[in-house]
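Report on the following structure.
Counting convention: from 1, in listed order, for ligands and their atoms alike. Residues: numbered from 1 along the sequence shown.
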Amino acid sequence: MNSKKSPKVFTRISEYRRWRNEKKNRSVGVVPTMGALHLGHARLLQVMRGEVEESVLTIFINPKQFGPGEDLSTYPASFEKDLLVARREEVDVIFAPSMDEIYPEGFSTFVNEIALSQVLCGAHRPGHFQGVTTVVMKLLQIIQPDRAYFGLKDAQQLLIINRMVIDLNVDVELIGVETVREPDGLAISSRNCYLTDSEREKASFIYHLLQEIAKKPTLDGIESAKNEFQCNGFQLQYLEWREMEHLSEISQSPSDHPSLIAAATYLGKTRLIDNLILNQDKIKSFRILK
Ligand code: AMP
């Protein structure tokens with residue numbers, strides 16, 4: 001018998017705000033997601049559960065972060081399953097607004113980070129990070145959390161949100177949570193379900209190649225890894241090594257500064273991203289939990 005309580009589900013901002021008002025003196029955490037919850041999301045929920053008195057999960061498939069030709073129309077949705085995961089992870093509240101609730105008629109205000117969002121995924125997905133910062137800013141305004149939890153699988157996204165929170169004086173603590181992987185090393189993602197069996201078998205190659213580079217990172221090593229990707233049937237978008245704070249390119253051998261080796265690649269029709277962070281313990285701008 002499952003004795004865990006079902007989370008409250010709010011679809012309206014006004015309902016949520018009433019609840020938040022009642023919990024004024026309690027610490028509140030939030031994990032923003034687009035649903036289709038998997039073990040990566042579950043880990044974020046567990047970490048949050050251990051740190052705050054009230055835990056909030058948001059589920060909203062944000063159309064503004066999908067470009068033309070991307071997978072918005074086929075993005076997996078599974079509210080009933082998500083509810084079970086939320087219940088298992090002892091989430092107190094799910095905020096799952098409708099499109100109109102988040103983007104009402106006449107919506108015309110966006111949040112734009114203009115430096116970190118120009119490289120890596122930003123260079124290949126125009127408008128993506130503007131969609132992300134806009135919706136995350138709105139969710140932070142609505143949820144009013146003390147802490148917000150994001151996955152390091154999307155390290156660039158976390159760096160950009162961190163910049164936004166500093167620049168716009170948002171009163172929230174950000175926490176990064178380490179990437180949860182399948183037993184063969186593939187980073188868990190809602191998009192992995194698009195992979196065919198043979199693609200799925202190949203997909204862990206990304207992580208293994210990143211690990212190889214990380215053993216002795218050099219620009220030459222990155223160049224030869226790019227070839228390896230192509231030779232193994234991946235259509236690589238980028239493979240880059242950048243320092244962690246400004247995402248500027250690294251031209252020399254490693255220092256003890258935190259840096260990011262990040263890749264995005266198509267495998268068939270599926271776009272996969274992954275990264276490894278070097279000198280992670282030197283990151284000062286946010287806390288990182290496993
Ligand atoms: P999404 O629903 O894809 O927007 O992801 C919601 C949050 O879960 C983001 O902060 C992601 O970085 C995080 N996340 C997604 N996959 C993983 C994973 N495999 N490990 C840790 N966090 C993840």
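In summary, Lys8 and Glu15 do not engage in a salt bridge, as defined by a charged side-chain N under 4.0 Å from a carboxylate O. Ion pair Asp100/Arg12 not flagged as a salt bridge, since none of the NZ, NE, NH1 or NH2 atoms sits closer than 4.0 Å to an Asp/Glu carboxylate oxygen.
Every salt bridge (charged side-chain N to carboxylate O under 4.0 Å, His left out) that Glu53 has, sequence neighbours left out, goes to Arg26.
Near ligand 1, heavy-atom contacts under 4.0 Å come from Pro32, Thr33, Met34, His38, Gly40, His41, Leu44, Tyr75, Phe150, Gly151, Lys153, Asp154, Gln157, Glu178, Thr179, Val180, Ile188.
Because its NZ or CZ atom is both nearer than 6.0 Å to the ring centre of Tyr103 and within 45° of the ring axis, Lys64 counts as a cation-pi partner of that residue.
Although no hydrogens or angles enter the test, the distance criterion places no donor-acceptor pair under 3.5 Å between the side chain of Arg242 and the main chain of Ile261.
The shortest distance between side-chain heavy atoms of Leu120 and Leu247 falls below 4.5 Å.
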